There are 2 protein chains.
Amino acid sequence: MTFIDESIQILKRESYKITGPRRAVLEVLAEAEIPLSAYDIEEHIPENIPINVVTIYRVLEVFEKVGIIHKIHTKEGYVRCDFEKQKGCHSFAVCSECGRSKEFVQKECKLETQLPQKLVYKSLSHISEISGLCKQCA
Amino acid sequence: MTFIDESIQILKRESYKITGPRRAVLEVLAEAEIPLSAYDIEEHIPENIPINVVTIYRVLEVFEKVGIIHKIHTKEGYVRCDFEKQKGCHSFAVCSECGRSKEFVQKECKLETQLPQKLVYKSLSHISEISGLCKQCA
DNA sequence: TTTTAAATATAATAATATTGCATTTAAAAT
DNA sequence: ATTTTAAATGCAATATTATTATATTTAAAA
Ligand SMILES: [Mn+2]
Ligand SMILES: [Mn+2]
Ligand SMILES: [Zn+2]
Ligand SMILES: [Zn+2]
């Protein structure tokens, strides 16, 4: 199952329409090697079928909501979800130089359980990103 | 030792000048309850001694570099460092509603050691933020 | 007090994000 | 197939956030 096919399946299940702009953004993200911003994506869309950047912002909002993309905070961009790692903690290793990133699952994520009780935050979600140099940039 | 005094000490040790704008930003951050952006900080500076927002950007850059503030990625703002927790992993619990955040140390942060070897990222640093609702917002 | 590199202010520009509204369209209903 | 309609998009305007270049000021050392 490809990223695009699985994403379309999820969008349909969540009652979102499969539109040209959404397909186009999926195709860009499917090929991307690094996190992309809305404007980055706009630049990667084929010139013959341009898509307004406002639409891209709205598409990304939906994609993130249904869980087919992740925001990489240390690079201010989005990457496709690695669906094989869907069950875990959605942690990322991000190259501080070029931005290449890989999702990985922590066998035993103690983060939420180690949250001191006195902070009284009722945990809802968490992000973990490790920055470093990838093979190419090292 | 207050946040301001300890920060000034660190800035001097790193050979940065102690200027009016830097003191003013320290004072704002010392009082802040939530992460503040450069423009947020500008608004909190006393009207009689306004500071250009460009300067605030540059001040924040220095402050982050010397380790007296942290960027909260889930809220796009900065908070003062809790120096008592300097040795740990600089993890944060952040209220998704109001932004109130608290630094905390994971007794045993396995994040970097659990990074799969095949990712070949040579780890340099990492961020961990837990989102949830604080006492007031819950 | 003088000197000087560092820091700041100002102005301009760039980059990123949001809003309201008219128009188009995917998908369901007929 | 055709019609229907809520959802999605395009467009224009605006808002917000961030960066750059350069002249001026200033903290701290000499
Ligand atoms: Mn994931
Ligand atoms: Mn810290
Ligand atoms: Zn790299
Ligand atoms: Zn709160």
Side-chain angles (χ1 to χ4, degrees), chain A residues 4-5 7-28 32 34-66 68-69 71-79 99, chain B residues 4-5 7-28 32 34-66 68-69 71-79 99:
Chain A
I4 293 177
D5 288 341
S7 295
I8 288 175
Q9 199 176 37
I10 292 171
L11 286 167
K12 283 182 175 168
R13 194 183 65 217
E14 302 290 328
S15 307
Y16 287 100
K17 292 180 180 176
I18 307 306
T19 67
R22 284 178 182 161
R23 281 182 193 279
V25 173
L26 285 177
E27 277 159 21
V28 170
I34 59 175
L36 301 179
S37 69
Y39 283 89
D40 292 336
I41 290 169
E42 186 188 34
E43 289 178 355
H44 284 77
I45 299 279
E47 295 148 7
N48 50 322
I49 48 146
I51 295 171
N52 196 286
V53 73
V54 176
T55 299
I56 297 177
Y57 273 102
R58 293 190 276 225
V59 166
L60 290 174
E61 194 179 10
V62 168
F63 284 8
E64 193 179 25
K65 185 153 58 185
V66 302
I68 63 183
I69 63 173
K71 182 173 193 175
I72 300 299
H73 291 76
T74 44
K75 286 289 174 180
E76 289 296 291
Y78 293 88
V79 296
Chain B
I4 293 177
D5 288 341
S7 296
I8 288 174
Q9 200 177 37
I10 292 171
L11 286 168
K12 283 182 175 167
R13 194 183 65 217
E14 303 289 328
S15 307
Y16 288 99
K17 293 180 179 175
I18 307 307
T19 66
R22 284 177 181 162
R23 281 183 193 279
V25 173
L26 285 178
E27 279 160 21
V28 170
I34 59 174
L36 300 180
S37 69
Y39 283 89
D40 291 336
I41 291 169
E42 186 187 34
E43 288 179 356
H44 284 77
I45 300 279
E47 295 148 9
N48 49 322
I49 49 145
I51 295 172
N52 194 286
V53 73
V54 177
T55 298
I56 298 177
Y57 274 102
R58 293 190 275 226
V59 167
L60 290 173
E61 194 179 9
V62 168
F63 284 8
E64 192 178 26
K65 184 151 61 185
V66 302
I68 63 183
I69 63 173
K71 181 173 193 175
I72 300 298
H73 290 77
T74 44
K75 285 289 175 182
E76 288 296 290
Y78 294 88
V79 296

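As the structure is a prediction and not an experimental result, all values here were calculated from the model. These values consider heavy atoms only, across backbone and side chains, with no hydrogens, waters or symmetry-generated copies. First the proteins, then the strands, lettered A, B, ... as listed; each starts at 1.
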**Fill in**
All heavy atoms of B:Val79 vs all of B:Pro35, minimum pair found to be CG1-CA, 3.6 Å

**Prompt:** D:dT25 P sits how many Å from B:Ile49 CD1, rounded?
**Reply:** 18 Å

**Prompt:** DNA chain C: B:Tyr16 or B:Val54, which has the more 5' nearest nucleotide?
**Reply:** B:Tyr16

**Request:** Could you tell me whether the phosphate oxygens of C:dA7, OP1 or OP2, come under 4.0 Å of any side-chain nitrogen or oxygen in B:Arg22?
**Result:** yes

**Asked** Any side-chain N or O of A:Thr55 under 4.0 Å from OP1/OP2 of D:dG10?
**Response** yes

**Message:** Could you tell me if the side chain of A:Glu76 sits less than 4.5 Å from the side chain of B:Glu76, heavy atoms only?
**Reply:** yes

**Request:** Taking only the side-chain heavy atoms of A:Lys17 (C-beta and beyond), determine which of C:dA17, D:dT9, D:dA7 contains the nearest atom.
**Result:** D:dA7

**Prompt:** Roughly how many Å is it from CD in B:Glu14 to C1' in C:dA6, rounded to a whole number?
**Reply:** 16 Å

**Request:** Calculate the interatomic distance between A:Leu60 atom CG and D:dT9 atom P; express it in whole Å.
**Result:** 11 Å

**Request:** Could you check how far NZ of A:Lys71 sits from C1' of C:dA17, rounded to whole Å?
**Result:** 11 Å

**Message:** Tell me the interatomic distance from A:Ile51, atom CD1, to C:dT24, atom C1', rounded to whole angstroms.
**Reply:** 14 Å

**Request:** Take atom CD of A:Glu61 and atom P of C:dT18, then tell me their distance rounded to the nearest Å.
**Result:** 8 Å

**Request:** Would you please confirm or rule out a distance under 4.0 Å between OP1 or OP2 of D:dT9 and any side-chain N or O of A:Thr19?
**Result:** yes

**Request:** Starting from C1' on C:dA14, measure out to CD on A:Glu42 and report it in whole angstrom.
**Result:** 15 Å

**Fill in**
Per atom distances to the B:Asn52 side chain, the nearest of C:dT16, D:dA8, C:dA9 is C:dA9

**Request:** Among the candidates C:dA9, C:dG20, D:dT19, find the nucleotide nearest to the side-chain atoms of B:Tyr57.
**Result:** D:dT19

**Request:** Give the rounded distance in Å between these two atoms: CD1 of A:Ile56 and C1' of D:dC11.
**Result:** 14 Å

**Request:** Using a 4.5 Å cut-off on heavy atoms from C-beta on, say whether the side chain of A:Leu60 contacts that of A:Ile41.
**Result:** yes

**Asked** If we call it a pair only when both distances are under 3.5 Å in a Watson-Crick or G-U wobble match, what pairs with D:dA29?
**Response** C:dT2

**Request:** With the side chain counted from C-beta on, respond yes when B:Val25 and B:Thr55 share a heavy-atom pair under 4.5 Å apart, and no when they do not.
**Result:** no

**Prompt:** Can you tell if the side chain of B:Ser7 reaches within under 4.5 Å of the side chain of B:Ile10, non-hydrogen atoms only?
**Reply:** no

**Asked** D:dA18 base to B:Tyr39 side chain: any donor-acceptor pair below 3.5 Å?
**Response** yes

**Counter-base of C:dA22, judged by Watson-Crick or G-U geometry with both distances under 3.5 Å** = D:dT9

